[in-house]
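Take a look at the structure below.
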Number of protein chains: 2
Amino acid sequence: MDHDIAWPGSVRPGGRTARVRESVLEVAGDLLADRGFAHLDLTEVAAGAGVGKTTVYRRWRTPAGLVADLLVEMADQSLPRADTGSLLEDLTANARLVAKTLTDTRQSNLFRAVIAAATCDDAAAAALHAFYDTRLTEWAPCVEDAVTRGEAPAGTDSRAVLSAVSAPLYYRLLASGDPIDVDIADRSARAATLATIAGTFVTTADAVSSVP
Amino acid sequence: MDHDIAWPGSVRPGGRTARVRESVLEVAGDLLADRGFAHLDLTEVAAGAGVGKTTVYRRWRTPAGLVADLLVEMADQSLPRADTGSLLEDLTANARLVAKTLTDTRQSNLFRAVIAAATCDDAAAAALHAFYDTRLTEWAPCVEDAVTRGEAPAGTDSRAVLSAVSAPLYYRLLASGDPIDVDIADRSARAATLATIAGTFVTTADAVSSVP
């Protein structure tokens with residue numbers, strides 16, 4: 001038995017364990033994007049990755065286990081927050097990144113597949129929520145820094161702001177089917193910025209945003 | 001063979017055909033909410049509804065056919081638009097209606113199931129998009145009337161406004177898992193109203209909304 005077995009947390013991050021994981025997750029992502037969660041089969045993933053079936057079953061156990069680890073890798077490989085010095089520009093960068101991801105064929109199919117998996121599998125749902133928690137936390141300083149700069153009011157809920165930025169893009173992908181493009185991304189960032197500046201996302205009890 | 005066979009468009013809307021449809025869609029909705037699209041079985045639906053299997057297969061043909069007709073019924077039974085005379089109040093009514101639907105256990109499970117179905121079945125996707133098209137069209141006059149009243153600028157894209165209102169609620173249901181409540185609904189309506197008033201959703205080429 002090889003000494004890389006201590007995955008996750010292998011003592012040799014570039015070693016065989018890391019390479020096996022990379023291959024397995026790539027094949028799992030391809031199969032998910034092509035055919036969805038319902039058809040994700042660990043034996044097929046092992047064959048596609050050129051890895052022993054036993055290894056795949058021992059490390060990932062279930063299709064949901066594969067989805068969970070794939071989401072960890074997706075969060076790890078996602079781009080860091082923007083830091084332009086302007087709330088509007090930071091949120092625009094965020095919206096454009098989400099729009100780019102959700103209009104890429106493989107990526108959008110992959111997101112649809114993991115979101116569908118989360119509707120019927122609790123472990124996949126937990127992994128999906130952890131993915132968005134990681135992303136919302138990574139970008140939160142864009143809002144926090146805007147508060148520090150005096151662009152946005154104290155008490156602004158950064159998570160609510162960032163959810164408002166990407167939500168209209170996901171709504172198009174998953175619900176209405178309306179097209180996603182840079183224009184929609186920019187409008188979404190602008191709308192969230194205006195609302196943030198007006199205090200709509202302030203969570204302290206006595207703050208009320210004004211609508212003319 | 002009974003003369004109600006001309007469904008849809010039965011000559012007797014309250015007749016046997018309508019009753020069969022009602023029973024079948026209720027059972028289909030229950031099964032979808034309980035176990036999801038992957039486990040929706042026409043034979044089981046027929047048995048649950050006390051309807052002949054042949055009838056169900058002849059009229060709905062596939063699980064996606066059932067989902068499509070269920071979405072038609074859901075759109076038919078949805079509440080009409082609000083008409084309060086105020087954009088903020090109309091959008092708040094819309095956001096609260098969506099929040100109420102997505103926090104009802106059966107309804108939220110049902111929406112998750114049909115959205116998941118749409119990620120892997122083209123017919124279900126077409127039916128889902130038609131459902132949201134119906135709802136966005138029903139509520140569009142709230143924005144159009146605001147333009148007429150001078151509350152919102154001419155050229156405002158009502159569909160983009162209404163998508164922005166409900167999107168953060170769907171994002172919580174399907175992506176982040178963050179809780180949905182009346183406060184979030186109200187903030188979403190307020191953010192969309194502010195952005196609308198500022199011209200963010202104006203689609204004419206020369207209109208640019210201002211961010212302080």
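Order of the sequence lines fixes the chain letters, A, B, ..., with proteins taken first and strands second; residue numbering starts at 1 for each chain.
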_B:Ala118, part contacting chain A, at a heavy-atom distance under 4.5 Å_ =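 For B:Ala118, there is no contact with chain A at all, as no heavy atom is under 4.5 Å.
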Under 4.5 Å to a heavy atom of chain A? For B:Arg135 that would be neither
Is the backbone of [Y] close enough, under 3.5 Å, to the side chain of [X] for a donor and an acceptor to pair up by distance?
| X | Y | value |
| --- | --- | --- |
| B:Arg187 | A:Thr200 | yes |
| B:Ser188 | B:Val165 | yes |
| B:Thr203 | B:Gly155 | yes |
| A:Thr101 | A:Leu97 | yes |
| A:Arg149 | A:Gly85 | yes |

Would you say that more than 12 heavy atoms from the other residues, nucleotides or ligands in this model lie under 6.0 Å from the CZ of B:Arg61, or not?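 Incorrect, the count does not exceed 12.
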I'd like to know which of B:Asn109, B:Leu87, B:Leu128 tops the heavy-atom pair count under 4.5 Å against chain A.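 Most pairs with chain A among the choices: B:Leu128.
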Looking only at B:Cys120, B:Ser163, B:Ala126, B:Ala160, most heavy-atom pairs under 4.5 Å shared with chain A are made by B:Ser163
Residue among [options] with most heavy-atom pairs under 4.5 Å to chain B:
| options | result |
| --- | --- |
| A:Phe131, A:Phe111, A:Tyr132 | A:Tyr132 |
| A:Asp133, A:Ile184, A:Leu174 | A:Leu174 |
| A:Asp178, A:Asp186, A:Thr196 | A:Asp178 |

I'd like to know if A:Asp104 and A:Lys100 make a salt bridge, using a cut-off of under 4.0 Å between side-chain N and carboxylate O. no
For this session: Using heavy atoms and a sub-4.5 Å threshold, report which of residues 25-49 of chain A line up against chain B, by residue number.
Result: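 Not one residue of residues 25-49 of chain A has a heavy atom under 4.5 Å from chain B.
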### Message
Which residues in residues 72-80 of chain A have any heavy atom closer than 4.5 Å to a heavy atom of chain B?
### Response
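If one takes a 4.5 Å heavy-atom cut-off, no residue of residues 72-80 of chain A lies near chain B.
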